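Chain identifiers are assigned alphabetically (A, B, ...) following the order of the sequence lines, protein sequences preceding nucleic acid strands; residue numbering begins at 1 within each chain. This one's a predicted model, so the numbers in the text were calculated from it and none came from an experiment.
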Amino acid sequence: MSIVAGCDVGSLATKAVVMERRRVLAAVVVRSGPKPGASARDALDQALAQCGRSAGDVSYCVGTGYGREKIAFVNETLSEISCHAKGARFLVPSARSVIDIGGQDCKVIKLDANGGLVKFVTNDKCASGTGRFLEVMAKVMHLPVDRLGELSLQARDPVTLASMCTVWAQADIIKHINARRPAEEICAGINTAMANRVAMLANALRLENDICMTGGVAKNKGVVHALARILGQRIKEVKTLDPQLVGALGAALLAAEQAGKVNRKELPP
Amino acid sequence: MITAGVDIGSTTAKTVILQDRAILAAAVIPARLDPVASAREVMDLGLQKAGVRQADLQRIVGTGYGQQQIPFAARLESEITCHARGAFFHHPAARTLIDIGGQDAKVIKMDARGKVVQYSYNDKCASGTGRFLEIMAEALGVGLEQMGAAGRTCVERLSISNQCVIFAETEVVSLINEEKAVGDILNALFRAMAHRVASQVRSLTVEADVLLTGGVAKNIGLFEALGQSLGVTLQTPSELDPQLNGALGAALLGQEG
Amino acid sequence: MTALLSQAAQSIDLEPLRAFKAAGGRLVGYTCTFLPVEVFHAAGLVPVRLRGIGAESLNIADAYYGPFVCTFPKALLQQVGTHHYAFLDGAVITGGCDGMRRLNECWRKLGADIPGVLPPWFHYFDVPHKPEGVALSWYQDQVRKLIDAVQNAFGVRIDEEALGRAIRQQNRVRQKLWDLAELRCRRPAPISGSEAFEALIARNVLPPDRYLDELDRLLATVQNRAVPSSDRRRRLFVTGSICDDLALVQQIEAAGAVVVGESVCYGLRNTCALVDESGDPVAALSAHYLSGSVCPRMFGYYAERRATITERIRQTGAQGVVLQNIRFCDLHGSENGLLERDLEQLGVPTLRIEKEYGALTETGRLRMRIEAFLEQLEA
Amino acid sequence: MRPELKEYPLDQLFARTFQLARKAGRATPKEQALLLKSVPYVSGLLEPMLALGAPAITFLGMLADYYTDLIHAKEQGKKVVMTTFCFDPTIFYAFDNLVPVTLEVGTVITSILWKRGAYDFMDFCTEVGFSETGCSSQRGTMGAYLAGAGVNIDMVAVNMGGICDTNSNAYSFAAQYLGKPFYGLDYPAELTPDAVRDYHHQDYRALIRFLETHGGGRFDIDRLRSLLEEKQIQDELTNEIEELQRLVPNPVPGIYHLLMYAGRYTCSGSPTFTRMLREMLEVVRVNALSGAAGLGRPEKCRAFLFYIDNFSFNVGMFDWLARNQVSHMGSMLSRFFPDNAPYRREVPGTCYTIDTRGLDSMIDTLADINARMPMTRTVRGPYDAPNMWLEDSLSLAKIFNAECCIYNGTPGCRNTWSNVKLIMRDLEKHGYPTHLVYADAFDGRVESWETTAMRLDEFFKIRGLL
């Protein structure tokens, strides 16, 4: 039985999704190594092993992400924007807007009723609306980054970060640490600062409901809640799949579409 | 007289203990989340190395980002004053001092008696600070200690231009994705950082001797790139770990009352 | 494609300029679209529009300019400070925007610190921020002052006849550039955007005679070029802040698009109309150069600029518009915001890009945006 | 911007706040406490203002009237003109149907009074397409007017090109975004040549025609004369205060600068503004007679701010200077160059004269005043040219016996950030220790006040000033 695959080589993590008839067979996240081609190979091999298939079974593969040009085995490459839009619509069919926050990029995508790409914006100005911002802040807090979200939900009086700049905000955090503010309040301040920045991008597009959030940062409940509050709109969470995998999922879905076209062409009339 | 200088920075905590004008002991530890704990820990380590008790210290002078958090400091002095004092002690001919710390880069101009004439901090954007190198080392998976030697020369001349640390990191990731050699990427990073610092020094006009201190002074790749960008031969303390300069200055100020 | 046009677009150091200089000719650098270059042509000088291309760092410029300033004047100052413009016999600074007008002070101070980087003649050309009323007569006075200053500095005479000749020659250039623009409107376009952009940039830096020859050659080649019957490439239009960055157009085209027109400094901007060849040449030049439809530095004339740009987009049949600006260029940054709103209302998709100047741009991030925009246009 | 913010009209909140503050100024302490409770948005800064006594209370009342007029403009059939701080508003008051609103003043008030500062409005500007790196002093309230959370403006009239692109650009954006007519007075790079003077005069007349055309109102010559006569009195009072400022110690409280220039930007020619100046002069005279410093403590040092003096969030800069016993010797914002100013001798031939003999002379006067507004005069040409930034700073620092200079501004200011490093070098050469603040005077997110204050501490200590 032929299967399709999507592979998303990001700056920090490489993701692979293997699908069969619009059903996810396997999904894998590995840390991006120094060679994006090798990371992609590794991710896909692991995913194939997970579902007991071999590379020969893959009829079509789409690559995306920063390192997409270096993936040797893909049939086609597409931008992260298209892949995230596709993946998000699959998981949340009512989605008209996608906010994807990856390691070094923040993308806000607007879709039409059929899921067609209408417009998108990305962070050109400032890196503070990206996953890296959270990572750097978590490091200053001596916390693993995935703790920022849950901790911040317990905050009563979040701190305000004076600076938006990823680097200068660290000095702010240290100031709050020195002032002995509880960790959860600082975490909440970090998440709110991040959400404010993302909201500015999102508002520029005048987002329509439903909003779906993807990318690693979508796992941070603190950011998601803050963002919903600032936007005054509900954010639909991706529940059935790790939100980090949405780009790879979209790539696999686009691969399936392409495979379908190719197959139809090959069939005799 | 025995005095101590304690410098609580954003990434490390340092102490120097002096007896009169001789260094009894020095210590460096990574900064803890709680600066009070950092201060206590580095002080204890210093005392242990020097073989003296805190009660033997006649004066403790604090400096650095976390100076307010040193509970036992009798006096606080700005980093600028401490660095200038430290530099004058081990390199009296220095007229320009560049100190690159974790969060900022300082340029200090001094007269023949070691008095601060003028000083400046780096322009907004941290691409000329120690934190920049730390983030890049992490992105490249190279240890901070090894990166200097690894990027000392380049085979292919790459360029990294973004002044935002995070965007610069994206450039590094792009270069990694293009499968460029780590040494060449490092070399490009050093040049980029050296250019930032050099323009800061130029704003105050350069006067020899130019001394470089701070943890990054130990990074040979950067050290050479900065010297080249400025067109001068840089000096760095030979007897002293260059990141101890601030703590040394603080201890000396303690000696002077 | 002609090798010279291509070279001129990508380098500061050019053979025709060297040859001109070696033969005793004199070169004057300038910085802005609002300067009537015919004045220099009439004086037998070659005006060279200054560029910052090739600046790899700003380690000199950053010591003069503060942070929060656009990297274009900085890159330019860096090239000056590294002796790339040592061949200039003079320079004219124009108050195009705050960042550019401060090049006046920054360059002079740099000249005091680094010997040999300040040309012997250094002139400030004051351009009003509106095209009408008292501003127009002020501008005419400035042109007359410029003529006097050039005459005094270089010991030349600029009379009406010489000005008339220069105007006629530049009108020929304008006419040919419009011919080129028309070729690009064809579907499919017989010339790539990169190739056309080279010709546009080269206009700003080559001696006019040489340039006309090259342009003729290019036009002849393109007119006779065989084109495929169909072209799936998306047609894009580029506008926004100063751009002499060929790499940007190349990158857009590498992603599978064709750039069919642009409204940027160094591009077609000020060639919208021909200069009146009858009557007082100073008045004619002033009426032409002091225009509200060229640059957002002319505050309050957005409607005129929008009209010009939308008309050109319509002519070129562009399917999408790239609105680019250099970081800290608020004039174009804001104008791009208005254009984004207004063009999308007209059904023209736009992509806004903010970047550093030229080589200082990080291209990986840019590529993803351009590719995604093309995918958006496909959908 | 948070959706709920669009529901509260900003200028109505200002009007209500200042009306209450005026009442609080006249109330007993108990009543005052009660009243302050009913202005929940203010961050407790009204209290220190009230503590300043009569002039500050008059100031609050003046702003109450200013914003009350603004919110009632439409129902009274008047037109609202959006304008900038460096534009003298007298001409609007000379019309029978124009009400001005000055964005920068609103931004300062918003960032001082509101708990969240002016961030939401700033960010809203970015959301609708205005450049994020544009000057925060306009963005701070422009967002409210763009979002419809402020009075509907009818036209825009500003001092523009030649002085500050980012400022002109903001107003031109607002006019375009809202679809309103725009007029900008243009300024050549020089100040004193006859041709330039002529340019100012002609351009100003075209402005009046613009206001007539788009406002449809009548320009009243008698009203203009009385406004200018009042202005003359205001200039004299200001000059007396500034003359006294030369004393050591300086008897003028630093915060007075803020009240004086904010008054001038909004209420030039109004009798209330005159009253405030009289009340100030009284306090200053008492201080001078008793040899007391306006600081309220002994004076240790005198600083001249060669750009802006306010600081977002709070009145941190004024506060810091006072606490550290440093006299505030003025900023670029507080100098207007009338021909009887104490510093006129240092800047000969560059001041304006109020001439009320006829209509033409009055219009010329207005044009001359406008051409000398803060920034309009000082940063229009090369900083080292005659009568420009360096000369002005040196002459003011000298006449007021300043011992050091401080640059405090906003990253949006391309004009000053493009040559501040150069002017610093020159000021140092002239013997003035000079400090560069990297903060944004209107946006606390650029550098925290704590960091700014720490750097100030360091500067005054290391350079041996304190």
Can you confirm whether Lys35(A) is buried at NZ, in the sense that more than 12 heavy atoms of other residues, nucleotides or ligands lie under 6.0 Å from that atom? no
Measuring from atom CG of Leu78(A) to atom CE of Met368(C), what distance do you get when rounded to the nearest 0.5 angstrom?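 Result: 12.5 Å between the selected atoms.
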Taking non-hydrogen atoms and a cut-off under 4.5 angstrom, which of residues 80-93 of chain A neighbour chain C? Glu80(A), Ile81(A), Ser82(A)
Side chain from CB out, backbone as N, CA, C, O: work out which of these in Glu378(C) comes under 4.5 Å of a heavy atom of chain A, or both, or neither. neither
Look at atom CZ of Arg206(A) and say whether more than 12 heavy atoms of other residues, nucleotides or ligands are closer to it than 6.0 Å.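 Open.
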Inter-residue atom distance Thr122(A).OG1 - Phe373(C).CZ, 0.5 Å rounding: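 The distance works out to 12.0 Å.
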Contact class of Asp105(A) relative to chain C, heavy atoms under 4.5 angstrom: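 Interface part for Asp105(A): side chain.
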Please examine the side chains of Gln376(C) and Phe120(A), heavy atoms only from C-beta on, and report whether any two atoms are closer than 4.5 Å. yes
Using modelled atom types only, decide if a donor and an acceptor are shared between the side chain of Lys119(A) and the backbone of Thr350(C) within a distance under 3.5 Å.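 Checking the backbone N and O of Thr350(C) against the side chain of Lys119(A), a donor-acceptor pair under 3.5 Å is found.
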Can you tell me which residue pairs pass the salt bridge (charged side-chain N to carboxylate O under 4.0 Å, His left out) test with a partner in residues 91-103 of chain A, sequence neighbours excluded?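 Only Arg96(A)-Glu208(A), Asp100(A)-Lys107(A) qualify under salt bridge (charged side-chain N to carboxylate O under 4.0 Å, His left out).
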When rounded to the nearest 0.5 angstrom, what distance separates CD1 in Ile370(C) from OG in Ser79(A)?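 If we round to the nearest 0.5 Å, Ile370(C):CD1 and Ser79(A):OG are 11.5 Å apart.
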